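The structure appears below as structure tokens.
Throughout, a chain's letter reflects where its sequence line sits, starting with A, and its residues are numbered from 1. Note: hydrogens, waters and symmetry copies are ignored here, and every other heavy atom, side chains too, is used. These numbers come from a predicted model, not from an experiment.
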Number of protein chains: 2
Amino acid sequence: MNRGSRNSGHSDAHGRRGGVNLPALRGHNEALVLDLLRGAGPAGLGRTELAARTGLTPQAVSKITARLGADGLVAEAGRAASTGGKPRTLLRLVPDARHAVGVHLDRDVLRAVRVDLAGRVVADSGGPLDFGAGPEAAVEAVVRAVARLRDPDGPPLLGVGVAAPGPLDHRAGVMGRVTGFPSWKGFPLRGVLEGRLGLPVLLDKDTNAGAAAAAGAWLRATWPEPGSEVDVAGAGAVGADAAAPAGDGLAGGGPHTCVYLHVGTGLGAGLWLGGGVYRGARSAAGEFGHQVLLLDGPPCRCGARGCVEVLCLEAVARGDLPGAARIVGEAAANLVALLDVDRVLLGGRVVASAPDVFVAGVGAVLAARALDPARPVVALAGAGVAEGAAEMALTSLFGRAG
Amino acid sequence: MNRGSRNSGHSDAHGRRGGVNLPALRGHNEALVLDLLRGAGPAGLGRTELAARTGLTPQAVSKITARLGADGLVAEAGRAASTGGKPRTLLRLVPDARHAVGVHLDRDVLRAVRVDLAGRVVADSGGPLDFGAGPEAAVEAVVRAVARLRDPDGPPLLGVGVAAPGPLDHRAGVMGRVTGFPSWKGFPLRGVLEGRLGLPVLLDKDTNAGAAAAAGAWLRATWPEPGSEVDVAGAGAVGADAAAPAGDGLAGGGPHTCVYLHVGTGLGAGLWLGGGVYRGARSAAGEFGHQVLLLDGPPCRCGARGCVEVLCLEAVARGDLPGAARIVGEAAANLVALLDVDRVLLGGRVVASAPDVFVAGVGAVLAARALDPARPVVALAGAGVAEGAAEMALTSLFGRAG
DNA sequence: ACCACTTTCGCAACAGTGTTGTCAAAGTGC
DNA sequence: GCACTTTGACAACACTGTTGCGAAAGTGGT
């Protein structure tokens, strides 16, 4: 019934493990089924297939799907062709059973989206933001944006995902020392927003939200466009990401390993490893800008020499975008080799200024250095960071680690 | 009772998720408790503390520990000081309740160890091996070594972990194309060994076993030496790894993120991320040797230019070991920044030839480039690869992903 | 048209998990 | 010696997925 108050402790994909009790077990299995149904798209899946994929007995699947049906999350979707006996009745996720909100706090703009359970944008809102004006003003802006997105007649909201720049403590929901904005250091953004909004709030780095968007794009591709509402504010966000979801060699439920590379005033990476965002021991993973690519190269503001960031931004400064793309490509190839990455997504202002140059440039280096020429796939980050933030809020239903 | 036949499907740390039924739930919670007791060392832990750390109720912990006690895995270990009421009775893991075997197949030697549940070496065996002589001869050598280690009067063996060089398919247990040894390609080593030994067998890359050893070393440090038996065969494996386990800022149960760097005929990395070995989508993660560190540098046999491997091995070839250490250090620093690594462990023949030079050289670069000067810890891989392979076999009890 | 067969899927009884309520045991501190 | 706190076990309980069985709904052969 009350699916918001799920028991806390169960196995994270990358965090500490906790004990599992009966409610947590139920939640895990329900999330698993929902995740499979989400990956199946509007065509749906039969109970037998769900049983085979989860490893549960058909009877258990029937009980679980009955509960989900009572909650309105799942509905019947016709029958499949018979395989020699009674045809299986297909079950489909009801995308409008719940919604979630994602907010992207950037340095000068705020963008917020409301998405359905398939991750599709149902409504969006946004406007200018002066990040330097301090946390209080930003909180007000977020509260106003969420209020505009809220629909009293619509389905309940699962939560709000907030993507913010710079270092921050994901667990505590506290901002870190954002370069150039000292007033934000230590601000408990998650707690404050939860108090103001009365909804669960997740706070994470914008690059991690980008990685979540990259992983979620795979799933979104299995669902048709919702119809009217279209993403407008995402400047230069071309959907070069319509690769066929099938035949990816994956069991289902999205790509195994995605990397989101952000090239803006700095360089950052979001890592989606094995079905969840990887944050490292102290939420500091993804430091991509200061990977050394040229030993004893030009000095960087970080103190080292020959970092990706210096090399790339120098190339950008002298107008050599193909050169910058090559630099990013070499660093990306290092990362792809190290982590066995499936997909590389590119985003950020510099990329948006010349998307084709970067996709081609990075793709060329990756193809030259990859062992498997078909991998990894390089694409533009079609979905914005706000969509990724919303995606993270959806994980309370689909069970991926948050 | 029969703890070997645990229900298959439950949540891996990095793999695909499966449904959870009651036996799997029980197994998860028992593994969790055993893992905590293992981390506590011989001093033991009270039931109340176990309940607090797992999130389970005290009553559930009592039931679980009663089952574990009946299996002989856990025993009482005195009482703690009272905190104002009845003093808690301490529970301790019984290390000799089960054993496991780890085998390291190297290019010219084989080393096998039998370890107890604390990961301590109880017996070892080894000898020369001609890896090029083909799989059949190696299988015979492994069978002989395991037979020597087996003790009919000893505790039951949980399984055998096998660490082998080169690419291989961890899931299927099949060898890949080991450079220089074409006869191994496609050989189903795990299946063959399971048939010959009658025990569960895990096959993984030697670098991954090294990472497991690195993570396990943290736990071994909490248990005293077993007494007589001492590691002899591990050439140059100095135990520079006695850092105090406490005060590491971690909740318990080992470091969050470890990296094992192997410097031998090639360079490889084993990644221990968030409590488990990270293998990537196609078991290909850890490709460390061909990270580009010097754009347009000297050509490497892999086709790229300026890889770590060329730079490092060139420095070694001209006798410049500090230079080689610096190269490895810069590449390690990239990796540490990207993944937020806690510990870096060094191993392999080249490192063993001048351990102090490499530990100091790598440490210096890491200290210079790290944000937090206290991290990461650099040390020599005190435990050998065989110990790591045994550690992986222990995961069937302690629940970390395999 | 009929029958045998396969497959799907729900009902009822069941085994086993952690949880709750209650109480005895074993300490500390006044 | 008494009040209080804390530990931890027993019994009843709520709820999970599992098993056994049978009805429903198709296909394909006769």
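- Each of T65(B) and L56(A) has a nearest nucleotide on DNA chain D; the 5'-most of these lies closest to T65(B).
- With respect to the salt-bridge test (charged N to carboxylate O, under 4.0 angstrom), the residues R279(A) and D204(A) qualify.
- Residues of residues 57-64 of chain B having a heavy atom closer than 4.0 Å to DNA chain D, listed by number: Q59(B), S62(B).
- Closest to the L25(B) side chain, of the nucleotides dG17(D), dT17(C), dC9(C), is dT17(C).
- Of the residues near DNA chain D, N29(A) and R88(B), the one whose nearest nucleotide (by heavy atom distance) lies more toward the 5' end is R88(B).
- For the pair V94(B)/L117(B), no side-chain contact is recorded, criterion being any heavy-atom separation below 4.5 Å from C-beta on.
- In this structure, V160(B) and L197(B) have side chains that are in contact, with non-hydrogen atoms separated by less than 4.5 Å.
- The nearest whole Å value for the distance from the NE2 atom in H28(B) to the P atom in dT16(D) is 18 Å.
- Contact annotation: R47(B) does not reach the phosphate of dT6(D) (side-chain N/O to OP1 or OP2, under 4.0 Å).
- Note on N21(A): every side-chain N or O is 4.0 Å or more away from OP1 and OP2 of dT17(C).
- Applying the 4.0 Å criterion to OP1 and OP2 of dG17(D), one finds that R67(A) has a side-chain N or O inside that range.
- Between E391(A) and R38(A) there is a salt bridge, since a side-chain N of the basic residue sits under 4.0 Å from a carboxylate O of the acidic one.
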When you compare the protein's N or O atoms with those of nucleotides 22-28 of chain C, which come within less than 3.5 Å of each other, and at what distance?
unit_1: dG27(C); atom_1: OP1; unit_2: R79(B); atom_2: NH1; d: 3.1
unit_1: dG27(C); atom_1: N2; unit_2: G84(B); atom_2: O; d: 3.2

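- Following rounding to the nearest Å, L68(A) (CG) and dG17(D) (P) show an atom-to-atom distance of 11 Å.
- Ionic pairing of R282(A) and D169(A) is not present here: no N-O contact between side-chain nitrogen and carboxylate oxygen is shorter than 4.0 angstrom.
- When the side chain to side chain donor-acceptor pair (under 3.5 Å) test is applied to R92(B), no partner is found at least two apart in sequence or on another chain.
- Between the side chains of T89(B) and R47(B), at least one donor-acceptor pair of N or O atoms lies under 3.5 Å.
- Distance CD (E49(B)) to P (dT6(D)): 15 Å, rounded to an integer number of Å.
- A sub-4.0 Å separation between OP1 or OP2 of dG8(D) and a side-chain N or O of T89(B) is present.
- As rounded to whole Å, 11 Å separates atom P of dC9(C) from atom CG of L45(A).
- Of the candidates L93(B), L50(B), L91(B), L50(B) is the only one forming a side-chain contact (heavy atoms from CB on, under 4.5 Å) with L36(B).
- Side-chain contact check for Y278(B) and T257(B): no donor-acceptor pair (N or O, by modelled atom type) lies under 3.5 Å.
- Protein atom CG of L22(B) is 12 Å distant from nucleotide atom P of dT19(C), rounded to whole Å.
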